[in-house]
Amino acid sequence: MQSCESVVKGEKEMTTAKTNEIPYKIYLEENEMPKEWYNVRADMKNKPAPLLNPGTHEPMKAEELEQVFCKELVKQELDNDTPYIEIPKEVRDFYKMYRPSPLVRAYCLEEKLGTPAHIYYKYEGGNTSGSHKLNSAIAQAYYAKKQGLKGVTTETGAGQWGTALSMACAYLDLNCDVYMVKVSYEQKPFRREVMNTYGASITPSPSDTTEVGRKILAEHPGTTGSLGCAISEAVESAVSRDGYRYVLGSVLNQVLLHQSVVGLETKTALDKYGVKPDIIIGCAGGGSNLGGLISPFVGEMLRGENDYQIVAVEPASCPSLTRGKYAYDFCDTGMVCPLAKMYTLGSGFIPSPNHAGGLRYHGMSSIVSQLYHDGIIEARAVEQTEVFKAAVEFARVEGTLPAPESSHAIKVAIDEALKCKETGEAKNIVFGLTGTGYFDMYAYESFNNGTMSDYIPTDEDLQVGFATLPEVE
Ligand SMILES: *Cc1c(COP(=O)(O)O)cnc(C)c1O
């Protein structure tokens, strides 16, 4: 705590003398919130590859996608050209309940590290879902409601997406059917109960309520489920009933579009103080928070206006960008979803059971994959004990208990700040603090009592997943 005193004193002096000094929290006014999402695809020379029909391997047509997804969301999914898309007023009004989210200057962490670097983080944990996922949940639920649907179906793993969607559906009076990976359903009763409170109906997956669930149960009795399997069930449950569509919390282009609100607010806040980031860091599971955070900055890079170093951080135990293949793959285990071209470990890849830190999806957003493939962003893989070490260090000085997912970004932000300490450079480091970790206390417990271990898959392990890649020409 002593470490922060000088900063606090500095701030007091500053209020009288240097009014343009950067505050701990940069808030925006309501009228400074974005009114449009930014669609980075419009500025990409190499567009992300189209989704393919899993049967014919032809690009998915809007009519086909509309069987699964809401009409307006299909339009957004396929729109590679419109740079700005209006955020409906109803969605903006919902955003106002928990946005704009603060951009925090991590003065205390800087002082603790003794770094000349300036560290900022965009904090998305200030709503009940505890993460950025609400930004897309409300948009997707809004379009479902507008289409006159009865409800939506989805999957959830750790539960953040299911929680966010439950909140959005409760607000708009839509049914919300969540297929929750069985192991999480059993191990995370509190998350489950939050969703119940918001009126969602929750089924542990695999279940006997769908054909694909029954098939997976027959083939793998006693399985505790996976995200890919829950996706298959949720899709089947949507397409086999009238008035339902499926919604997804990450990976898709539409989700990255909605999450651009994070990057746009970040940029407005930094611009207010004339701060230009040198490094922008985000954790990468399906790529939605990272894609949203970096979109406006990548847009400037693509238009040749500015240059930034952008780092995607993933777990060493689920390294889709750093060790995956850039190929068309199934988005789900049941192989009912369209094929997406992405960096992937194969839909048959299952992360090691000791992996506690989230970000366990086998693939990556097509947009993020294309940007990585084109060398516009870089990627790093980090081990989970290092991630939790960074999480605890951050929690103790910055006050917020971070989600394990977010802590991947913290780890690399700290690494970069320590590099600055060696070189004496005062770089501006910006990272996405995507959420809080209150529902991840088993993971924290295993770190705190020293039983957490690291597991890095061998090339042979990865081969198992690669063998499940479809052949697409
Ligand atoms: C879901 C989630 C992530 C990872 O998802 P992306 O789509 O890669 O952003 C990261 N952090 C938190 C807190 C999450 O809930």
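Just so you know, ligand 1 is whichever comes first in the structure, and atom 1 is the first atom listed for that ligand. In this text, all values refer to a predicted model and were calculated from it rather than measured experimentally.
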Self-check item: Arg380 with Glu416: basic N within carboxylate O range, under 4.0 Å
Solution: yes
Self-check item: Sequence-distant partners of Lys411, salt bridge (Lys or Arg N to Asp or Glu O under 4.0 Å), two or more places apart
Solution: Glu386, Asp415
Exercise. Salt-bridge test for Arg99 and Glu124: reply yes if a basic N is under 4.0 Å from a carboxylate O, no otherwise.
Key: yes
Quiz item: When you check the gap from the basic side-chain N to the acidic O, do Lys267 and Asp271 get nearer than 4.0 Å?
Solution: yes
Exercise. Measure the shortest side-chain to side-chain distance between Arg41 and Thr82 over non-hydrogen atoms and say whether it is less than 4.5 angstrom.
Key: no
Quiz item: Can you find a heavy atom in the side chain of Tyr143 that is under 4.5 Å from one in the side chain of Lys71?
Solution: no
Quiz item: Name the residues in contact with ligand 1, where contact means a heavy atom under 4.0 Å away: which are they?
Solution: Ser131, His132, Lys133, Gln160, Ser250, Cys283, Ala284, Gly285, Gly286, Gly287, Ser288, Asn289, Leu359, Ala403, Glu405, Thr434, Gly435
